[in-house]
Structure formats: C-alpha cells, structure tokens
Amino acid sequence: MQYIEPREVIIRTSNFEMEGIISGTRDAFNYESSNSHFIYWFPSGIIDSLAVKKNQMKPEQQEIIEACENKMKEFLPE
C-alpha cells in the first residue's frame with residue numbers, strides 16, 4: 001500500500017480553495033487546515049477519513065471530503 005508523507009496542498013471546492021496538509025493512503029487520509037471556511041465545516045480543523053460518516057454530512061462537507069479524496073488520487077494513482 002502506498003502512503004504519502006504529510007505535504008502542503010491546496011484543496012479546491014466549487015466555492016473556495018484552502019491550503020492545508022494532507023497525508024495517508026487512497027483509502028485513509030488525514031487533512032488539516034486553518035482556513036476559516038474549513039474550520040466552519042470542520043471545527044476540529046482536521047478530517048480523518050476513517051472517522052467521518054460522509055453520508056451523514058451536509059453537501060458542503062461532502063464536497064470538501066471529495067476534493068481531498070481527489071487530491072489523494074492525484075498523488076497515488078491506481
């Protein structure tokens with residue numbers, strides 16, 4: 001299984017972009033940002049993909065998680 005060490009990235013959604021740090025694998029990643037838009041949707045400042053219940057989140061939160069998933073796919077293609 002491939003793993004990327006923590007690295008700075010820009011995550012883009014349809015409404016804004018945010019700088020943060022992403023690490024992990026395609027199936028399990030962590031994303032951390034101090035961007036105000038991100039903090040609004042994720043007050044802890046961190047997404048742990050294994051801990052979130054994507055189907056119970058608001059569309060804006062789902063879009064952020066999908067943008068993170070897409071970033072991981074860029075770094076770790078199949």
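Sequence positions, counted from 1, serve as the residue numbers for this chain.
Not counting sequence neighbours, the partners of Arg12 by the side-chain hydrogen bond (donor to acceptor under 3.5 Å, both in side chains) test are Glu17.
Summarising the geometry, atom CD1 belonging to Ile65 is positioned 12.0 Å from atom CG belonging to Asn70; distances are rounded to the nearest 0.5 Å. How far CD1 of Ile64 is from OG of Ser33: 9.0 Å, rounded to the nearest 0.5 Å. Remark: Ser36 OG to Met18 CE distance equals 10.5 Å, nearest 0.5 Å.
In this structure, Gln61 contributes its side chain and Lys58 its backbone to a donor-acceptor pair below 3.5 Å. The main-chain N or O of Phe29 is found under 3.5 Å from a side-chain atom of Ser49 such that the two form a donor-acceptor pair. Between the Glu19 side chain and the Ile10 main chain, no donor and acceptor come within less than 3.5 Å of each other. No donor-acceptor pair closer than 3.5 Å links the side chain of Thr25 to the backbone N or O of Tyr3.
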Check your understanding: side-chain contact (heavy atoms from CB on, under 4.5 Å) between Ile22 and Asn30: does it pass, once the steps are laid out?
Key -> CA-CA 6 Å; Ile22 200 165; Asn30 288 315; over 6 Å; no
- prompt: Could you go step by step and tell me if Tyr40 and Asn35 meet the side-chain contact (heavy atoms from CB on, under 4.5 Å) rule?
  reply: CA-CA 9 Å; Tyr40 177 80; Asn35 178 283; over 6 Å; no
Glu60 vs Thr13, test: side-chain contact (heavy atoms from CB on, under 4.5 Å). Steps then yes/no. CA-CA 9 Å; Glu60 294 85 353; Thr13 68; over 6 Å; no
- request: Could you check Arg26 against Glu69 for salt bridge (charged side-chain N to carboxylate O under 4.0 Å, His left out), going step by step and ending with a plain yes or no?
  value: CA-CA 7 Å; Arg26 284 177 63 110; Glu69 290 169 346; over 6 Å; no
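Of all heavy-atom pairs spanning Glu5 and Ser23, the tightest one is C-CB, 4.0 Å. Taking every heavy atom of both residues into account, Lys54 and Glu66 meet most closely at NZ-CG, 3.2 Å. For the pair Pro77 and Gln2, the tightest heavy-atom approach, listed with the atom from each and the gap, is O-OE1, 4.2 Å. A pairwise comparison of heavy atoms in Cys68 and Ile11 identifies CA-CD1, 4.1 Å as the closest pair.
When only modelled atom types and interatomic distance are considered, Ser14 and Glu63 share a side-chain donor-acceptor pair under 3.5 Å.
Ring planes of Phe16 and His37: parallel class, angle under 30° (limits at 30 and 60°).
In this structure the side chain of Ile21 never reaches within 4.5 angstrom of the side chain of Tyr31, judged on heavy atoms. At a threshold of 4.5 Å between non-hydrogen side-chain atoms, the residues Glu32 and Phe38 do not count as touching. Looking only at side-chain heavy atoms (C-beta outward), Val52 and Ile47 come within less than 4.5 Å of each other.
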